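Everything below concerns the one structure shown next.
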Amino acid sequence: MDITIITGLSGAGKTKACDWFEDKGFYCIDNIPPTLIKNFIELSITGKKQIQQAAFVVDVRGGAFFNDLKNVIAELKAMDDINVKTVFIEASDEVLIRRYNETRRMYPMVNGPVTREAIAREREILSEIRAQADYIIDTSRTKVADFNSAMEKIFSQNKEKRAFVVNIMSFGYKNGIPTEADWVVDTRFIPNPFYVNSLKKLTGNNKKVESYVLRPSVTQTFINRYMEIMRIIIPHFIKEGKYSMTMAVGCTGGHHRSVVIANEFARLFREEGMRVTLEHRDL
């Protein structure tokens, strides 16, 4: 099980880091008492849903509980089948002060306005954890896209394809194009099973309908060419810091052709090692 502990200075970007891990498929918990992490792992191992990747944000908001973090990390590293990494997020005093003044939020160390003294006190409390961290990321001059890129370089380890999610949705044009679509694939040029009496009342999940839709050479050519385009585009989506792409596959009613083609795209993307979600909106 892969465990990532996210800690660091208040306002430095721990929430952004947590969001990044969540987008990568990690189960994420913010502001968890360190001693409960082991309980979570035990529950994950023995529970019905096996969780393989989890990220936890632990910081000074935990008060006295935070003091347990050092011992908990040591215990986790001693456990079999547990791979634990610690990420420390920090920023300069000037940047932290500006961020808190812009958002007008209270600084956790003093539960009041941010001051240099409060930041210095937090740095002192975190100094031992920082010294033992596996990775230290300074966000002082980092934009969100740059931060995501840094996280990719550290953690993805050439697994970008597996982290990226292709959301595939079939739909019927008569019910409107999905607003969340990045790409709209029109399959209305393919022969329509609706006009075949034996297939009309079936759906694209039926093997007979599937065979009818996929049989024409034009369908196969279309799917192959479209996959070629996706293989070119997806690496650039990833390079731009995007975590997913939504492909909406449409036919007239959303019952036959779009369902078959959406299923086929999902199968092909999974064969190439991609994470895929599949939904038939109008079925």
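Note: hydrogens, waters and symmetry copies are ignored here, and every other heavy atom, side chains too, is used. Here the structure is a predicted model, which is why all the values come from computation and not from measurement. Residues take their numbers from the sequence shown, with the count starting at 1.
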Between Arg99 and Thr139, a side-chain donor and acceptor under 3.5 Å = yes
Go through the side-chain N and O atoms of Thr252 and Arg257 and say whether any donor and acceptor fall under 3.5 Å apart.
-> yes
What closest approach, in Å, do [X] and [Y] show between heavy atoms, and which atom pair accounts for it?
| X | Y | result |
| --- | --- | --- |
| Pro108 | Arg61 | CB-CG, 4.0 Å |
| Met1 | Ile51 | CE-O, 3.5 Å |
| Phe40 | Ala54 | CE2-CB, 3.9 Å |
| Asp282 | Gly172 | OD2-N, 2.7 Å |
| Ser10 | Tyr100 | CB-OH, 3.2 Å |
| Ile97 | Arg116 | CD1-CG, 3.7 Å |

Which of these passes side chain to side chain donor-acceptor pair (under 3.5 Å) with Ser170: Arg281, His255, His280?
-> His280
Could you check whether atom [atom1] of [X] has more than 12 heavy atoms from other residues, nucleotides or ligands sitting under 6.0 Å from it?
| X | atom1 | result |
| --- | --- | --- |
| Tyr173 | OH | yes |
| Asn197 | CG | no |
| Arg141 | CZ | no |

Side chains of [X] and [Y], heavy atoms from C-beta outward: is any pair under 4.5 Å?
| X | Y | result |
| --- | --- | --- |
| His256 | Tyr212 | no |
| Ile190 | Val260 | no |
| Phe147 | Ile89 | yes |
| Ile29 | Ile37 | no |
| Asn263 | Leu278 | yes |
| Phe265 | Met227 | yes |
| Ile234 | Met274 | yes |
| Ile137 | Met151 | yes |

Treat each ILVMFWY residue as a node, draw an edge where side-chain heavy atoms are under 4.5 Å apart, and state whether [X] and [Y] are in one component.
| X | Y | value |
| --- | --- | --- |
| Val84 | Leu69 | yes |
| Tyr135 | Trp20 | yes |
| Phe237 | Val184 | no |
| Ile82 | Ile32 | yes |
| Val209 | Phe189 | yes |

To the nearest 0.5 Å, what is the distance between [atom1] on [X] and [atom2] on [Y]?
| X | Y | atom1 | atom2 | value |
| --- | --- | --- | --- | --- |
| Arg130 | Ile136 | CZ | CD1 | 4.0 Å |
| Lys85 | Thr4 | NZ | OG1 | 9.5 Å |
| Glu122 | Ser127 | CD | OG | 11.5 Å |
| Ile168 | Glu264 | CD1 | CD | 10.0 Å |
| Asn101 | Leu96 | CG | CG | 11.0 Å |
| Arg121 | Ile119 | CZ | CD1 | 11.5 Å |

From the options Ile177, Val249, Leu283, select the one residue that forms a side chain to side chain contact (heavy atoms under 4.5 Å, CB included) with Phe171.
-> Ile177
Do the side chain of [X] and the main chain of [Y] share a donor and acceptor less than 3.5 angstrom apart?
| X | Y | result |
| --- | --- | --- |
| Thr7 | Val58 | yes |
| Asn83 | Asp2 | no |
| Thr221 | Val218 | no |

Do NZ/NE/NH1/NH2 and the carboxylate oxygens of [X] and [Y] come within less than 4.0 Å?
| X | Y | result |
| --- | --- | --- |
| Arg123 | Asp93 | yes |
| Arg98 | Glu102 | yes |
| Arg267 | Glu271 | yes |

Output, in order, the C-alpha distance, side-chain angles, deciding distance and verdict of side chain to side chain contact (heavy atoms under 4.5 Å, CB included) for Ile261 and Leu214.
-> CA-CA 8 Å; Ile261 301 302; Leu214 294 180; 4.1 Å; yes
Phe56 and Leu36: side chain to side chain contact (heavy atoms under 4.5 Å, CB included), yes or no, with the steps?
-> CA-CA 10 Å; Phe56 306 97; Leu36 293 183; over 6 Å; no
Assess whether side chain to side chain contact (heavy atoms under 4.5 Å, CB included) is satisfied between Lys14 and Asp59, documenting all intermediate values.
-> CA-CA 9 Å; Lys14 298 187 298 295; Asp59 53 34; 2.8 Å; yes
Start with the C-alpha distance between Asn205 and Val259, add both sets of side-chain angles, then the distance that settles side chain to side chain contact (heavy atoms under 4.5 Å, CB included), and finish with yes or no.
-> CA-CA 7 Å; Asn205 286 326; Val259 173; 3.6 Å; yes
